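In listed order, ligands and their atoms are each counted from 1. Since the structure is predicted, the reported quantities are computational estimates derived from the model, not experimental observations.
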Amino acid sequence: MLTKKVKARLFPKDFLWGTTISSYQNEGAHATDGKKASIWDTFTNHPNFDKGNGNEGNDFYNNYKEDIEKVKELNLDVFRFSLSWSRILPDGTGEINPKGLEFYHNVIDYCLALDIQPWITLYHWDLPQSLEDQGGWTNRKILDWFATYVEICTKAFGNKVKNWIVLNEPMTFVGLGYFMGMHAPGKKGANNFLAAAHHATVCQGIGGRIVRKNVPKAYIGTTFSCSYVTPSSRLSKHKKAANRIDALLNRFFIEPILGMGYPKDTLVGLNAIEVFVKENDKELMQFDFDFIGIQYYFRIVAKFSLLPPILFATEVPAIEREVNINNMGMEIYPRGLYKMIEKFSAYPKVKDLIISESGVCFDDPIINGKIKDKQRIKYFKNTFAYTLKAIEEGKKVKGYFIWTLVDNFEWAEGIKTRFGLYHNNFSNHKRTAKKSAIWLKKFLKTKNKTSQETLKVISKKEAVLENYN
Ligand code: NOJ
């Protein structure tokens, strides 16, 4: 009998597999060794905030070695983490805190000792409170504050770390923090939003240039939250509504970097941002990034709506559409990652793409000492398969970093929303591997070989994907 030979579909040998965390969500030690408050310390310790606080995070500050050992155990290549600005410069500017630098040197050295690539994110939302007291991202002085901070970090760590990310998801921290008031610092309104958004855009360029100057052979990127946006029906008004949401969520921060300006063609209300745009800003905003980080979690179905003004569009909540949702009520839609890879690849000036974050959150209860997060395994199988499809079609996707290693403090959601490969007991910070961690370890062990496991994951792709369509 002839056995049909199945051709193995494998990820490229140099494809980077990683995991990613952030300072505020993980470190804890919020007032230790000279660190002062960030806007998230202030926000979550305010009596109006009822979701707990990140004072302890998941205690990465005291557990960094064990956690980095887990990265190794999982057969991952990359550990992406962010620097806490207020640990390094407790007042935002001025005196450097040697203990702060020491902590990150320890983290970096431990990664290098275990042959794990450290990737640094310069800003993952925890602005020093003293800078917020002067207006934070709405104050144009942030351009100088940020430049000083980036100079210090790149000079301190640039001889050890080659991979740098300037900002983490500017639309999230600006949109939720300075427009909706749902994230720190809890500000609202169009003016705060437009000022903060423009300054963040300029800082991406400023940051990129400083890394280029100070770090030899650096690989530099910045990251964007992105959502696949589809209209609720074929009606033109809904299609246009979807385009406006897409411009806001997916085009706003990347197009100025590429020299295309803000997407005012689609989102006419954005003309108001011009008040904040000064001479030379168009040049300052541009930077030739080596890669763009895509951070994908869910799809949005959009429809026309009179509110909010300017956008004239709203979302049809996933719960009303009776689709598969995560425990934040967002639709789990792996194909959306493929659509976003397509979208970002279509910009001729974009070089490499890294999936710098993707993941899914559930309640993940421990039952008899085990966490059977089958849905998370399915999510990774599907998004890996879609990533591979994109690579086979010639898209330059160079890595996939999982959000996240250990359950941590999920911002406005607190600690109930679990994204980790490892479960964290928030009373004593004991970590327990979830089923997904065990699966991932096995998958990655065989990643570059023709293996049954790899074949199974990839060749059954279409069948698995159907469950979501
Ligand atoms: C994106 C953010 O970068 C990260 O901090 C957050 O926890 C995840 N999304 C999940 O919401």
Side-chain angles (χ1 to χ4, degrees), residues 18-28 38-41 43-44 51-54 57-58 60 67 78-85 119-127 165-177 180 182-184 200 204 221-228 249-250 253 292-300 318 325-334 336-337 340 354-364 373 375-376 379-380 383 399-424 426 436:
T19 186
T20 167
I21 70 161
S22 85
S23 44
Y24 181 73
Q25 293 176 276
N26 290 64
E27 286 174 9
S38 79
I39 52 175
W40 274 96
D41 293 310
F43 190 74
T44 58
K51 296 280 172 55
N53 59 55
N58 61 22
F60 177 75
D67 283 357
V78 169
F79 183 54
R80 175 188 166 211
F81 58 94
S82 73
L83 307 177
S84 154
W85 188 337
W119 285 49
I120 286 182
T121 307
L122 283 157
Y123 185 76
H124 200 131
W125 311 355
D126 43 358
L127 188 74
I165 287 170
V166 178
L167 295 184
N168 184 73
E169 296 194 358
M171 183 47 84
T172 316
F173 76 79
V174 166
L176 297 179
M180 318 267 287
M182 289 158 64
H183 273 197
Q204 282 184 145
T222 195
T223 70
F224 301 118
S225 47
C226 51
S227 294
Y228 178 44
L249 298 188
N250 300 324
F253 280 96
I292 293 298
I294 293 186
Q295 314 211 144
Y296 175 79
Y297 289 88
F298 51 83
R299 166 166 82 147
I300 288 178
I325 55 174
N326 65 21
N327 89 339
M328 284 163 89
M330 313 308 283
E331 182 181 3
I332 304 173
Y333 191 76
L337 175 63
M340 297 322 294
I354 299 269
I355 315 300
S356 45
E357 273 187 32
S358 193
V360 64
C361 54
F362 299 110
D363 293 340
D364 294 338
D373 56 338
Q375 280 264 75
R376 182 171 286 109
Y379 180 81
F380 287 130
T383 50
Y400 187 125
F401 304 167
I402 286 171
W403 185 270
T404 186
L405 184 65
V406 179
D407 295 336
N408 57 19
F409 188 82
E410 179 54 31
W411 309 111
E413 311 291 322
I415 56 173
K416 291 238 163 69
T417 297
R418 295 177 179 270
F419 276 93
L421 293 163
Y422 286 80
H423 180 277
N424 184 44
F426 284 93
S436 56

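- The closest protein non-hydrogen atom to atom 2 (C) of ligand 1 is E357 OE1, 3.4 Å.
- If you check which protein heavy atom lies closest to atom 8 (C) of ligand 1, you get Y297 OH, 3.4 Å.
- Every atom of ligand 1 with a heavy atom of N168 under 4.0 Å away is listed here by number and element: 2 (C), 3 (O).
- An N or O contact shorter than 3.5 Å links W411 to ligand 1 by distance.
- Between D373 and R418 there is no salt bridge, since none of the side-chain N atoms of the basic residue sits less than 4.0 Å from a carboxylate O of the acidic one.
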Pair E410-K51, salt bridge (charged side-chain N to carboxylate O under 4.0 Å, His left out): steps then yes or no
CA-CA 10 Å; E410 179 54 31; K51 296 280 172 55; over 6 Å; no

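- In this structure, the side chains of P334 and Y379 come closer than 4.5 Å at one or more pairs of heavy atoms.
- Within ligand 1, counting atoms from 1 as listed, the ones closer than 4.0 Å to a heavy atom of Q295 are 3 (O).
- Taking the six-membered ring where the residue is Trp, the centroids of W119 and F401 are separated by under 6.0 Å.
- Of all atoms in ligand 1, listed by their number and element, those nearer than 4.0 Å to a heavy atom of E410 are 6 (C), 7 (O), 10 (C), 11 (O).
- Neither the backbone nor the side chain of N408 comes within 4.0 Å of ligand 1, counting heavy atoms alone.
- The aromatic rings of W125 and F173 sit tilted relative to each other, their planes meeting at an angle between 30° and 60°.
- Within the 4.5 Å cutoff, side-chain heavy atoms of Y400 are placed close to those of T383.
- Counting atoms of ligand 1 from 1 in the listed order, those under 4.0 Å from a heavy atom of H124 are 2 (C), 3 (O), 4 (C), 5 (O).
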